[in-house]
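Let me begin by presenting the structure, written as structure tokens, before commenting on it.
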Amino acid sequence: MDSSFRAELFDFHGVSMTRYFTDNWDNVQNFQARPDDILIATYPKAGTTWVSCILDLLHFGQTSSERQTSISIYDRVPFLEMSVPSVPKGTELLDKLVTSPRLIKTHFPVQFVPKSFWEQNCRIVYLARNAKDSVVSYFHFDRMNMAEPEPGKWSSFLQRFMQGKMVFGSWYDHVNGWWKKKQTYSKLHYMFYEDLIEDTGRELEKICSFVGLSPSDEYKKSIIDTVQFDNMKNNKMANHSTISVMDFKISHFMRKGKVGDWKNHFTVNQNEHFDEDYKRKMTDPTLEFRTEIDISAI
Ligand code: A3P
């Protein structure tokens, strides 16, 4: 896949997007959600694949082990708004899904979610990740994914992130928009990547109670083991190595899976500038992110 495949950013209803996520807009907006659908919503690079695997194992891992070993995660959990040439659109994959509940991935900011999800009162799991690790992960992703806009140099990428000129728009607006929605929409479970790293078992318990499942302790242990970073990295059905637009020679999809890798990318100046700007944009004291965790306590 050559770099001519890379899409350009443009303003779409006030959000930076590329055509690969807007071309199927009418079908996406008219999508008919079902009451038991579970929407997995994230800003890109928050750990979408991780939480998708957890939910998939919870719902289907015990009834069909073949599903896990023969169907890629992006087919098990279709990406609603995806519309990339030569591969089935997210809505087409969803129409063909026979399992229920349907697990559906989206990177939409909250205002873009098709209205049927709200009308059907669907459960939504929102996973958020701190801004600094998100931008680092996004940078490496855009380097290796030929369907993404050209990332350019790290310093300009970071600038663009702060301006919200990324595919799916501003990280700041995304995490805040969904956080606000949580205040009025009770079927939204808002969780954090850093918590999942700190204690996967604790977060799994919360997900179980949110979706109303109570698997055995033994099965929960096996889920935690299956979704460990190294296991997912080596799992062809989870690691995205079968996607032709991704160049693993540049970077892996499962790259590091850590909290705090931003320290290896931000200069002291960039960090100060970022923090000042962050304070201006993130004014809700109830929404707090951790940019490091004490792993010695784990
Ligand atoms: P890094 O690039 O920081 O390594 P998404 O699925 O939303 O695109 O997110 C991808 C990010 O989640 C990548 O971050 C990836 O390594 C990380 N990730 C995926 N599975 C993980 C796991 N099991 N444990 C920890 N991090 C994981």
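As the structure is a prediction and not an experimental result, all values here were calculated from the model.
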For the rings on F79 and Y74, is their centre-to-centre separation under 6.0 Å?
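No, they do not, as the ring centres are separated by 6.0 Å or more.
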Flag the pair F31 / F117 as yes when their ring centroid distance falls below 6.0 Å, and as no otherwise.
yes
What residues, two or more places apart in sequence or in another chain, satisfy ring pair (Phe, Tyr, Trp, His ring centres under 6.0 Å) together with F108?
W25, F112
Can you name the ring pair (Phe, Tyr, Trp, His ring centres under 6.0 Å) partners of Y185, sequence neighbours left out?
W118
Could you please spell out the steps behind the side chain to side chain contact (heavy atoms under 4.5 Å, CB included) verdict for F253 and N145?
CA-CA 9 Å; F253 182 87; N145 186 343; over 6 Å; no
Row check, F248 ring normal vs K233 NZ/CZ: under 6.0 Å, within 45°:
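Here K233 fails the 6.0 Å and 45° test against F248.
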With a 6.0 Å cut-off (strictly less than), is the heavy-atom count around [atom1] of [X], excluding the residue itself, greater than 12?
X	atom1	value
K263	NZ	yes
H273	NE2	no
K258	NZ	no
K221	NZ	no

Heavy-atom closest pair, residues [X] and [Y]:
X	Y	result
L97	D75	CD2-O, 4.0 Å
T291	W262	O-NE1, 2.9 Å
K132	V135	O-CG1, 3.2 Å

Could you note down all residue pairs passing side-chain hydrogen bond (donor to acceptor under 3.5 Å, both in side chains) where residues 161-178 supplies at least one of them, sequence neighbours left out?
Y126-H174
Sort and list the pairs that fulfil side-chain hydrogen bond (donor to acceptor under 3.5 Å, both in side chains) and have at least one residue in residues 11-24, not counting sequence neighbours.
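Every pair satisfying side-chain hydrogen bond (donor to acceptor under 3.5 Å, both in side chains) with a residue in residues 11-24: R19-D23, N24-N27, N24-T91.
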Can [X] and [Y] be counted as having a side-chain donor-acceptor contact under 3.5 angstrom?
X	Y	result
N269	T267	no
T106	E81	yes
H252	R255	no
D37	Q120	no

Applying side-chain hydrogen bond (donor to acceptor under 3.5 Å, both in side chains), can you list everything that pairs with R202, at least two apart in sequence or on another chain?
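Listed in chain order: E198.
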According to a hydrophobic-cluster definition based on side-chain heavy atoms being under 4.5 Å apart (Ile, Leu, Val, Met, Phe, Trp, Tyr only), do Y43 and M162 belong together?
yes
Would you say the side-chain atoms of Q32 pair up with the backbone N or O of N30, donor to acceptor, closer than 3.5 Å?
yes
How are the rings of F141 and Y138 set to each other: parallel, tilted or perpendicular (split at 30° and 60°)?
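It falls in the tilted class, 30° to 60°.
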Going by salt bridge (charged side-chain N to carboxylate O under 4.0 Å, His left out), name the residues that satisfy it together with R129, two or more places apart in sequence or in a different chain.
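Residues passing salt bridge (charged side-chain N to carboxylate O under 4.0 Å, His left out) with R129: none at all.
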